[in-house]
Structure formats: C-alpha cells, structure tokens
Q: 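Handing you a structure now.
Below, chain A is the first sequence line, B the second, and so on; all start at residue 1.
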Amino acid sequence: MRSTFRPALIAGAFALAGALLTSASVMAQEKVLRIGMTAADIPRTHGQPDQGFEGNRFTGIPMYDALVHWDLSKADAASVIIPGLALSWAVDATDKTKWTFRLRPGVKFHDGSPFNAAAVVWNVQKVLDQNAAHFDQSQVGVTVSRMPNLASARAIDDMTVELTTRNPDSFLPINLTNLFMASPTHWQKLLGEVPASVTDPKARAAAAWTAFAANPSGTGPFRGVRLVPRERFEMVANKDYWDAARRPKVDRVVLLPLPEPNARTAALLSGQVDWIEAPAPDSVPQIRQRGFTMYTNAQPHVWPWQFSFREGSPWLDRRVRHAANLCINRAELKELLGGLMEIPQGTVPPGHPWWGNPSFQIKYDLPAARRLMQEAGFSAARPLSVKVLTSASGSGQMQPIVMNEWLQQALKECFFNVELEVAEWNAVFTNWREGAGHANARGANATNVTFAAMDPFFAMIRFVTRQTNPPASNNWGFFNSDEFDQLAATARSTFDDAGRDSALAALHKRIVEEAPFLWVAHDVGPRAMSPRVTGVVQPRSWFIDIAPMDIRPGS
Amino acid sequence: MLVYLGKRLVYTIPIVIGVSVVCFGLVHIAPGDPLVSVLPPDASEELKMQMMRAYGFDRPYYEQFLLWCWRALQGDLGVSIATGRSVASEVFRAVKNTLLLSFVATFIGFFFGLLFGFVAGYFRNSPIDKIASILSVIGVSVPHYWLGMVLVIIFSVQLNWLPPTGAGPGGSADWQPDWAHLRHLILPAITMSVIPMGIVARTIRALVADILSQDFVPALRAKGLSELGIFGHVVKNAAPTALAVMGLQLGYLLGGSILIETVFSWPGTGFLLNAAIFQRDLPLLQGTILVLALFFVLLNLIVDVIQTAIDPRIQRS
C-alpha cells in the first residue's frame, strides 16, 4: 500500500508544482496596466459612455471605433480629425445636408461579425430612431447632444453609407467622433437571451443593452471582459485590431474608479495602480520625488470668466474687457497652481488651425490695462465693481476658489472691485443655460464655467450667436451681433476642410478681439504614471491612446 | 409582549411614510439637473425636454412620488439614470459590502469600547481610567476621514503593508474570507470603529460609575458577594442602556460612511450615495436613502424589543 501511495503522492506533488509554476509564469507574463480614474463609477461600457470625456477616454476609444477619429499620436501639435472606420467622406455637391461615408473594409467586431454600412445605420438608429427595436433612451443624451444636426442614416451599399443632417452642417465629421460603433449582431444575440418572461419590447431592449454593457463588443483595440459595477472594468487586447499601429502592447487594462484625489494618489504611491488621472495637486512633488512620471499637455479646455452684455453690465465697454485680460499675470497663477495650467492666448492656442492671428494679444501688460481702465473712466478712487458667479468645485473647474481669489487680488491693481458669488456647482452649471439676468445668476455680470474646446460649436459658436442665447444654449451673457451670426453661419456652411478651418479662424480672431471672456487658463490634464509604463504620448486633447502603451515587468 | 410588539410595528408605519416623503422631497429640493449624468449641459432644450419626458420628470411631483411609492411597495426601486442598472441590485450589492465592513468595525469598536468603559468605570480616577478615558475621547474627537488618510499614509504609502483602496484584488464580486481580501478590510474597519468605540466607552464608564454609586452595591458587598458577582450585577444593570447606545451606533455604521468609504473606495452604501449625489442620480439616491432609513427603523425596532425583553419596566412604562 505504502509502495503505491508514495509514487502517486510524489507524482501528484510534481503535477501540482508544475501547474502552479505554469499558472504563475502565465500570470507573470501577462502585462496588466491598472488605471485609477477620477470617475465615481465605471463609465458606461455599451458604446456611448457617460462621465463626460473621461468616459470616452477609457471605455469609448479603447473598445470602440467611430467613423472619424481624433489623432492622438502627437504631443506637439493640435489633435485633428483623421479617418477611423470611414476611409473618406464628402458632402453632396447639390444637397449639403447629405454626406457620403466610404467605410473601411475587412473590419470585424469583437464577436467576429463584420462591420459594414448596415452596422452604421443600426448605430445611428440606436440614438435617433425611437421606433427602432434597439433604440436606447439612456444613450441619447450623451450622444445626440454632441451631434445635434444628424437626422438619419441610409446604407447605399455594403461599404457606403449616407448620413443626412437637419441643416447644412460642416461640423458633422467632427461630431461623429462621438458616435461609437457597437455590434448589432452581438446585441441581437443578447436580446435573444433575455428571459421570455420579459415581454415588453422596450424592457427587452433595455435588458439586452444592460447585458451588452457587461459583455460588450465593438471594433476597438481592446475588448471588455469583466465588469464589477462601481468597482472595476477589465479589458483585454484585441490582437486582431485592424490598425497595426494601434495593436495593444499590454495584455489587459484594469479600470478602477477612485474619485477621491488622495485615495488615487495613495493607490499610485502604494503600487496598487500604475496610472492615475488628476493626482492631488499637493502631492505632485512627492509623486515626482518617488520616481513617478507626471504627464501634462495643454488641453482644449478653457477656464474663463464669461461676461454679461445685458444692459447695465460693466463689461459692455470693450476697453474694460481688454483691461481685465491684460491685467492678470498668468505666469504667477501658473506658479501658484504648481505649474498645472497652460497660459491661454485665446480659446485655441497659436498654431491651431482655428487660431486666426487676432490683433488683440492676450498677455500681462499692467500699464496698458490701467490706461484702458482710466480711459473708460475708472481709477483707484473710482473702482469698477463687478460680480462673478462661481463654484467651490466642479468638473473641469480646477481650483476655482483659489483661482478666483487670486483674480480678485490681481484685478484690484487695475481698479476692479471683484465680488465673488460662490454657489453650488450644479446651480452655477444650470444657470449657464438660464443666462445673465436670471434670478439664479444672483446679480452676477460674469460667470465662471469651464468648457471643452474640441468641437467648433462647443468651443466658439454657442457663446456668440443669437441662436444660442439662453435657454437654447450657453451664450450666457447674450453676446449678440450680426457680424458674429454671419461668421458662425459661414463656418457652418463651408464644406471643404481648409475653407471651414479658415472660416473658424476668422471667427476665433474676432472673438479674441472682442473679448467676451476673460481667458484665465487652459487645463493640462495632469496624470501620473509608474516609470514602468512606456510609450506614453499625451496629446493636446481630452483623450489619450492606451493602445501604443506598454508596461515593463514590476520589481 | 406581543401587544407591545404590535404597537411598535404600528408606530413604524407613519415613520416609514415620513421617511419616504423626506427621501423624495430632499432629493428634489437639492439644486441641479436630475439628467446631468445622461445629458451634457450643452444639450439642446428640445433634447432636454425629450429626456425629461422619457424619464417622467415632466410629471407633477405628487404624481412622481405616488408612482415611486407604488413601485417601491412592489420591491421595484426603479432604474439608475446613470447606469441603467436596477437600483435594487445596486443598493443590495452595496449593502452587502457595507454590512461586511460595519460588522467588522462594530466588533472592533464594541469590544474596545466595552473594555475601556467597564475598566474605566470600575477603576474610576485610577491611571487605568485616565488612559481609557483619553483613548475614548480621542476616538470621539478625531475626524475619522482624517484618521483614515493618516492610516493610509503610514500603512499603505510609507510601509506598503496594506492596500489603500478597494474591497479586494478582483473587487467585491468574488469576495472570500482570505488574506488577499481581508487585508483590504483592515484600514477602513479600524477607521470606522473609532467613533463607536469612543462613544460606547464614555457611555459605559459613566453608567458603571453611576451604578457603582447606588445603594444596592454596598448592600451586596455587605452580604458577602464577591467582586465578580457584583460586576455581574453592574453588567446586568448597564445592559439596557449599553444595548440602546450600541444599537444606535450599529445603525449609524450599517448606514455606511460616505467619507470613509470614499477615502478607501470601499464599494458600500456610502460610496454609492456619494456617486448618486454627484451624478444627481435621483432614483438611485432615493432608493439608497429609503433602504438605509428603513434599515435604521428596523434596527431601532429590534433594539427596542430586546431592551423590553431584558428590562420589563420599559414595557410597563
């Protein structure tokens, strides 16, 4: 008995040791990149993420493709649109509401089904066609608001699709970076798995989308494999990704929602994650000192005061607006923020296709600012009182109290008497659509709401046209003139890329010259990473491409 | 006893109704747009109205409230606006995690609270009393989120002994009572335990001191009862009050702590509430608050019943 038991025991021990070694070596070989996000939850994973641009960054772009992509491969140039799942596009020569998109052949969804024109039509219908079986109300808000003019889609052939807009709109290709392509075949399969006890078609569709979120299928460089709601989301590399340059180098990406800045920083410093978004500003020196790498770059983000042009506003005089823009030493503010801001010269920086070379230069020139204020009738003895509505915190607001108090001090040098009206972030945000003069503006003649400036409508047009006056959009201060209406209309109806950019540059030039904002800062999207993470390019964008990144084995 | 229990159950009905009204009212009074998580602020007014209709926010408040109550009575707390997932599943998953954390914190807090309280009360004005009292005052006074951050700095960032965030290496979905998961529990549980420890210790100390000063204690001694026997009488007399305090503390702990769970990214009800507040996810917020409030009502009911069973004077009063 002993003689048969002992060899079996030894063989078993070897087998177990072998298995353990094999699994340990597999685990050791797997390259895992762990990311601590600022979001309090995993952004939605069914193709149209929530949580603002952080959602697009982490569960949109890595798993899904759009017809049009942002070029995220350069750190030293503006991020512009490039072909994604569409090889090319053109507006109809006679009917400017119709666009033809030629699709990229040979692309497959993660479930193996082919990407084609029918898939594009299906993905347009998911947010625009309320009669479609797969229409999902929860995806509408975050998607349609970013492509407000798209009306419908029609397949011309298997690899060509026609998109129709409500009005002629040259911004459509830019808008389409927000429409991610989910797999219709996979959704249909999941719909079939919804229990028969669920009979309401809408409830069945909603259940299928919930299942899709847990088991997603796009065409992107990563494939979602595990969702633990509110805790973690895991994606693995799609080794068959159609773009060889973006085939992932890491095997697995783990996303962790860590909304508290100190918790994120601790997670990085203790080695629990390899990358955190927006570390606690006070911890940046420690992060650097412990060998982690800080990545920053100017984002298409504006931290402004948006002025009121309603009757009686102190900002009606252009000299006053220029004086405010010349009065503040932004380099000093940058130092105060530990270097985590970029000094703005307008809504977009010089070198950007929409820059336009304005004649008014935004810079620090205290004598010129004082002179302008004196010309406008103000002095130390007769200061100008202004009131600014701001928040104590909020998405993209950076450090609003510190920054506004600094502005309050700085503008005193130019005879401004600044009163800060601090309200809850959502209240300030809501008032952005209610406008100056509304009771919720609390008598303020400037508001401090930051914004993204990637898309021409959201960067410029919504702030300067009559059409976008509250409550339609965010022209909070009612900055209205025929000239700006015309400039915006021209930009929107110029369909060749160069012509459109030139029209937008003309608009930007005039915006800077008329200064409906006090431009204070651009955010720099700070993120801290382990030195083991390589191949990082931080573009001038809200987004970043994970696909080319690699991670060296840990110590 | 059954009559008492019946009465207490009847009393909970207006409390539950009140809680529902407050839950619903508070989240609607708060500023902000309930669709902020699914609708960017730059969305058109037309789209906003379409979404308001789709989510039923265009209906009068009383209609929304009655519909919500009707569904809640059927166990349907609605669907999270932000995630599309069922609120009930979200809340119960979080409750499970909070229960785990709060039971461990309760054990630590009550054990040390009772220990410090009885020792300090029994040896009043001795050095042991002074040390126990100082510890309990620190427990009550130290902001727990601050303590949490300090523990993280020491044990996670500097010493690298314990993880600073999360419920386990793979999240809470596959939680097991092994070291890989338990080590995630240690720092938040200690942080969470300090306040109940301090409160229980201070209450018990005062109570024990009061009981020891009563006439029956010298009488027991005169009858020749041992110190252990007298201690037994003290414990029995202190039990109803101690139970009430511990019940309340347990209720607070079971409700989760927004601050502690956020500091440690612990996926419990506090973390969930935090997310729901920041996303203005009204169904999730209402559902979570309602479940926690009902939990609290239930816990108070249980404590009342146990207290009455221990001390019949309460039933008579």
Side-chain angles (χ1 to χ4, degrees), chain A residues 36 39-42 44 46 50-52 130 136-142 144-146 148 206 209-210 213 226 228-232 234 256-260 262-267 269-273 286 423-427 429-430 432-433 440 449 451-452 457-458 462 471-474, chain B residues 30-33 35-48 50-51 54-55 79-86 89-90 93-94 97 149 152-153 155-168 170-174 262-265 267 271-272 274-276 278-280:
Chain A
D41 190 6
I42 306 295
R44 298 188 80 175
H46 52 24
D50 60 343
Q51 313 271 358
Q130 300 197 33
D136 184 12
Q137 192 67 52
S138 75
Q139 300 184 43
V140 172
V142 291
V144 177
S145 60
R146 304 245 167 248
W209 277 117
T210 304
R226 183 167 183 251
V228 182
R230 299 192 185 273
E231 291 183 61
R232 65 197 284 125
E234 296 181 18
L256 302 165
L258 299 172
E260 211 284 313
N262 291 305
R264 274 198 304 281
T265 306
L269 294 176
S270 64
Q272 204 180 14
V273 296
Q286 191 191 7
E424 196 270 337
W425 167 235
N426 275 287
F429 217 68
T430 305
W432 208 26
R433 286 285 288 271
N440 291 339
V449 180
F451 59 88
F457 177 80
F458 297 108
R462 62 174 161 163
S473 192
N474 304 111
Chain B
D33 188 339
L35 294 174
V36 73
S37 59
V38 286
L39 194 65
D42 29 37
S44 71
E45 195 61 18
E46 178 195 353
L47 182 59
K48 193 175 172 184
Q50 179 192 329
M51 298 290 283
Y55 283 96
V79 171
S80 157
I81 293 176
T83 67
R85 293 189 290 264
S86 130
S89 72
E90 293 260 26
R93 192 184 307 117
N97 294 329
M149 286 197 246
V152 163
I153 289 169
F155 293 101
S156 302
V157 176
Q158 298 300 334
L159 299 172
N160 226 338
W161 288 354
L162 295 166
T165 67
S172 67
D174 52 1
T262 303
V263 164
F264 291 99
S265 296
F271 192 72
L272 187 65
N274 185 42
F278 276 99
Q279 293 179 308
R280 288 294 182 279

Q: Under 4.5 Å, counting heavy-atom pairs only, tell me which of B/Ala167, B/Pro163, B/Gly171 racks up the most with chain A.
A: B/Gly171

Q: Is B/Phe271 close to chain A through its backbone or its side chain, or both, or neither, when contacts mean heavy atoms under 4.5 Å?
A: side chain

Q: Which heavy atom of B/Ser156 sits nearest a heavy atom of A/Ser270, and at what distance?
A: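 Looks like O-CB, 3.4 Å.
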
Q: Among B/Arg93, B/Arg85, B/Met149, B/Glu90, which residue forms the greatest number of heavy-atom pairs with chain A at distances under 4.5 Å?
A: B/Arg85

Q: So which part of B/Ser265 gets closer than 4.5 Å to some heavy atom of chain A, the side chain, the backbone, both or neither?
A: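 The side chain, not the backbone.
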
Q: If you take all heavy atoms of A/Glu260 and B/Thr262, which pair is closest and at what distance?
A: CB-O, 3.8 Å

Q: What part of A/Gln130 gets closer than 4.5 Å to chain B, counting heavy atoms only: side chain, backbone, both or neither?
A: side chain

Q: What part of A/Pro148 is in contact with chain B, defined as an atom under 4.5 angstrom from a non-hydrogen atom: side chain, backbone, both or neither?
A: neither

Q: Under a 4.5 Å cutoff for heavy-atom pairs, which residue among B/Leu162, B/Asn274, B/Leu159, B/Thr83 has the most contacts with chain A?
A: B/Thr83

Q: Under 4.5 Å heavy-atom distance to chain B, tell me which part of A/Arg232 shows up: side chain, backbone, both or neither.
A: side chain

Q: Using modelled atom types only, decide if a donor and an acceptor are shared between the side chain of A/Arg226 and the backbone of B/Gly170 within a distance under 3.5 Å.
A: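 Yes, the answer is positive, given that a donor and an acceptor are paired below the 3.5 Å cut-off.
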
Q: With distance as the sole criterion, is a donor-acceptor pair present between the side chains of B/Ser172 and A/Glu231 under 3.5 Å?
A: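 Judged by distance alone, the side chains do pair up.
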
Q: Counting only non-hydrogen atoms closer than 4.5 Å, does A/Ala266 touch chain B with its backbone (N, CA, C, O), its side chain (CB onward), both, or neither?
A: both

Q: Is B/Val157 in contact with chain A via its backbone, its side chain, both, or neither, using a 4.5 Å heavy-atom distance?
A: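 For B/Val157, backbone and side chain are both near chain A.
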
Q: Rounded to the nearest 0.5 Å, what separates atom OG1 in A/Thr265 from atom CD1 in B/Ile153?
A: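 Between atom OG1 of A/Thr265 and atom CD1 of B/Ile153 there are 10.0 Å.
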
Q: Between A/Val228 and chain B, which part of the residue has a heavy atom less than 4.5 Å away: side chain, backbone, both or neither?
A: side chain

Q: I'd like to know whether B/Thr165 forms a side chain to side chain donor-acceptor pair (under 3.5 Å) with A/Gln272, so could you lay out the CA-CA distance, the side-chain angles of the two residues, the decisive distance to 0.1 Å, and finally the verdict.
A: CA-CA 8 Å; B/Thr165 67; A/Gln272 204 180 14; 2.6 Å; yes

Q: What option among B/Ala94, B/Ala275, B/Pro267 has the most heavy-atom pairs under 4.5 Å with chain A?
A: B/Pro267

